[in-house]
Amino acid sequence: MRKTLPTKGRGRDELMAELKALKGNDTDWQHGRAPLYVFRGIPGTYEIGRDAFVEYFTENALGAKRAFNSIKRMEDDVVGFGLDLFHAPEGAVGTFTTGGTESIFLAVKTCRDWSRRQRKDKQHRGNLVMPVTAHPAFDKAAQIMDLEVRRVPHGPDFRADPKAMEAAIDADTILLVGSAPNFSFGTIDPIAALGELAQKRGVWLHVDACVGGYVAPFVKKIGYPIPDFDFAVPGVMSISADLHKFGFCPKPASTVFYRDQDKHSAQAFVFEGWPNGRYATETFAGTRAGGGVAASWATMNFLGVEGYCETAKRLMAMRDGFVSAIESIPGLHIWGKPDLTIVAIGSNDVDIHRVAEELAGKGWLPGLLREPKALHMMMSLIHEDSRATYVADLKAAIATVKASSGEKAKIAVTY
Ligand SMILES: Cc1ncc(COP(=O)(O)O)c(C=O)c1O
C-alpha cells in the first residue's frame, strides 16, 4: 500500500511520543505476556547492552577489518569466549553473525561446500537428516541452497532418536542436526549418541545451541544435569549459539563455530568480478550493526561467569517453581523433561488450545504446539514476576473451558 512521506519533517518530541503510543497496541511483553521473542537477564544487563549499542550506533561491522579495528577486536573477544565455553580444540574458529537463522544458514552452506570439496563433486546435492523438532532455519537454508531435508520423528522422550536418524541416512547425507535444546520441547538432544552416529557414517554433526549455548554451561555449573553438547563430544563439527537469546545481549547477535580451520574455510564468500575489486565476507549479511558487536562484548564482560551463573540460578528457580505449579493443576502435565526454561504444557482432560483462546482473551500471547497439543513458552527473567498471574489465569481459563459447551478451538498454531 502506497503511503505519502510527509513533505515537512515532524518534530522529535512528537515522533517519540507517537512511538510510545504505537507500542500501546503491542503485546505487553514487559509484563511477561509474550512467550517468546524477548529476553531479560539480571539487573544492569539491559542497560549495559543498550548503552554499548548506542555508543557504536553508526559503525558498520562490515568494515571491521579495514576501518573499525575496535569492532574486529570485540568480535575476536566474543568469539573467543564462545570457543572457550564450548570446549573448542586448538585451531577451532568462529564467526559473529546477526542471529540464529544466519548462523544456521552459514553452517549448512559451509558443510555443503566442504562436503562437495571432499567428494570432488561441485554439483553434489546433499541431504540433511534431523529430528522433526529442529528449527525451520535449516529448511530455509536448504531451500535456498537446493538441498534435501529429511525430518524424522523424535523419540518418546521428546529428544532426537538416533536410530530413526540413522535409518534416514544414505550415501548423499552430508549433515546431521541435534539441538541443545530444541525449541519445541526444550529438551537437549542426545548429542553424544549423534556424535557417534556421525563418526560411524562419516557425516558432519551440527549442534543448534541457538537457545541453550550461552545458558546451559552455567546451568550445569550451578549443579543441574546438563549433558555434554559441544566440541567435547567427538563428531560435533559446528555449533550455532545465539547471544541475543540466553546470552542476554541485544539483537542482532549470534555466533557460529567450526571444529577446525579447514571446515571454516568453506564459509567465506570471495568475489572479484566487479569494478571495486575484492569483496570478501564471512557472513551472509553485508552491512552489519556495529552496535550488535559492541553490545555483546559489553554485556558478556559485564556479566562474566558470576553474572551468568546468577542469571542461571534465577532462571532455573523460576522454571522449577513454574513446573511444580503446573503439575499441581489436575489434568495438566509438561511434555518431556525440559532441560532449561522452555516448557510445553499438555492436558489429558481439556482442549489446551481452547484454554489458549481464553488466555489470549486475557492479554497473553499464546505460544502453541500442534503435535502434541500444548501451550508453549520460552521463559527468561521477564517472566519471573508474571508467573503467578499466569498460573491464576490458566486455572480460570481451564474452569471456563470445562464449563463451556465443548466447541472446537479455532486458534491458529503460529510461531
Ligand atoms: C533452537 C533454535 N534455533 C534457531 C533459532 C533461530 O534464531 P533467530 O530467530 O535468531 O534467527 C531459534 C529461534 O527461536 C531457535 O529456537
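Because the structure is predicted, anything quoted here is derived from the model rather than measured.
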Please state whether the rings of Phe86 and Phe257 are parallel, tilted or perpendicular, taking 30° and 60° as the class boundaries.
perpendicular
Pairing donors with acceptors under 3.5 angstrom, does anything connect the side chains of Ser240 and His206?
yes
Kindly state whether the ring of Tyr390 and the ring of Trp364 have centres lying under 6.0 angstrom apart.
yes
Restricting to non-hydrogen atoms, name the atom on Leu176 and the atom on Leu194 that form the minimum distance, rounded to 0.1 Å.
CD1-O, 4.1 Å
Exercise: do Tyr56 and Ser70 side chains pair donor with acceptor under 3.5 Å:
yes
Looking at the rings of Trp335 and Phe158, which for Trp means the six-membered one, are their centres under 6.0 Å apart?
yes
Under a 3.5 Å threshold, yes or no: a donor from one side chain and an acceptor from the other, between Arg116 and His124?
no
For atom NZ of Lys109, decide whether the heavy atoms of other residues, nucleotides or ligands shown that lie under 6.0 angstrom number more than 12.
yes
If you look at every heavy atom in Phe322 and Val391, which pair is closest and at what distance?
CE1-CG2, 3.9 Å
Run the numbers on Thr311 and Phe218 for side chain to side chain contact (heavy atoms under 4.5 Å, CB included), then give the verdict.
CA-CA 9 Å; Thr311 315; Phe218 304 105; over 6 Å; no
Would you tell me whether Trp204 and Ser238 have side-chain atoms, one donor and one acceptor, within less than 3.5 Å of each other?
yes
Looking only at the aromatic ring of each residue, does the gap between the centers of His376 and Phe183 stay below 6.0 angstrom?
yes
More than 12 heavy atoms of other residues, nucleotides or ligands under 6.0 Å from CD of Gln143: yes or no?
no
For a salt bridge (charged side-chain N to carboxylate O under 4.0 Å, His left out) check, start with the C-alpha distance between Asp349 and Lys402, then their side-chain angles and the critical distance, and finish with the verdict.
CA-CA 9 Å; Asp349 74 346; Lys402 281 187 173 166; 3.2 Å; yes
Parallel, tilted or perpendicular: which one describes the rings of Phe39 and Phe246, with boundaries at 30° and 60°?
perpendicular
Keeping the roles fixed (side chain from Asp242, backbone from Gly100), state whether a donor-acceptor pair exists under 3.5 Å.
yes
Please test Arg125 against Asp172 for salt bridge (charged side-chain N to carboxylate O under 4.0 Å, His left out), starting from the C-alpha separation and ending with a verdict.
CA-CA 7 Å; Arg125 182 171 190 260; Asp172 292 318; over 6 Å; no
Count the heavy atoms of every other residue, nucleotide or ligand shown that sit under 6.0 Å from CD of Glu306, and state whether that count exceeds 12.
no
For the residue pair His154 / Asp161, report whether a side-chain donor-acceptor contact shorter than 3.5 Å exists.
no
Closest non-hydrogen atoms of Val293 and Met74, given as atom of the first, atom of the second and distance, are CG1-CB, 3.9 Å
Is there a donor-acceptor pair closer than 3.5 Å between any side-chain N or O of Lys220 and the backbone N or O of Ile226?
yes
Regarding Ser254 and Glu102, do their side chains bring together a donor and an acceptor under 3.5 Å, going by distance alone?
no
Assess, by modelled atom type and distance only, whether the side chains of Thr187 and Asn182 contain a donor and an acceptor separated by less than 3.5 Å.
yes
Residue pairs passing the salt bridge (Lys or Arg N to Asp or Glu O under 4.0 Å) test where at least one lies in residues 279-301, sequence neighbours excluded
Glu75-Arg288
Can you tell me if Glu47 has over 12 outside heavy atoms packed within less than 6.0 Å of its CD?
yes
Examine the side chains of His244 and Ser296 and answer whether a donor and an acceptor come within less than 3.5 Å of each other.
no
Between Arg259 and Ile239, is the side chain to side chain contact (heavy atoms under 4.5 Å, CB included) condition met? List the steps.
CA-CA 9 Å; Arg259 183 172 279 280; Ile239 299 175; over 6 Å; no
Worked verdict on Phe284 versus Phe105 for ring pair (Phe, Tyr, Trp, His ring centres under 6.0 Å)
CA-CA 8 Å; Phe284 180 70; Phe105 177 90; 4.7 Å; yes
Would you check if the side chain of Gln267 reaches a backbone N or O of Ala107 as a donor-acceptor pair within less than 3.5 Å?
no
For Lys72 against Ala64, the heavy-atom pair lying closest together
CB-O, 3.4 Å
Report yes or no: do Asp51 and Tyr46 form a side-chain donor-acceptor pair below 3.5 Å?
no
Go through the steps for Ser265 and Arg117 under the test side-chain hydrogen bond (donor to acceptor under 3.5 Å, both in side chains), then give the verdict.
CA-CA 11 Å; Ser265 68; Arg117 209 195 272 164; 3.0 Å; yes
Give the C-alpha distance, both sets of side-chain angles, the deciding distance and a yes or no for salt bridge (charged side-chain N to carboxylate O under 4.0 Å, His left out) between Glu384 and Arg314.
CA-CA 8 Å; Glu384 248 181 351; Arg314 276 177 62 174; 2.7 Å; yes
Determine whether a donor-acceptor pair (N or O, by modelled atom type, separation under 3.5 Å) exists between the side chain of Asp189 and the backbone of Ser179.
yes
Side-chain donor-acceptor contact under 3.5 Å, Arg370 with Thr414
no
May I have all residue pairs that pass salt bridge (Lys or Arg N to Asp or Glu O under 4.0 Å) and include part of residues 198-210, sequence neighbours excluded?
Glu166-Lys200, Glu166-Arg201
Answer yes if the side chains of Thr255 and Tyr214 hold a donor-acceptor pair under 3.5 Å, and no otherwise.
yes
Does Tyr415 OH have over 12 foreign heavy atoms under 6.0 Å away?
yes
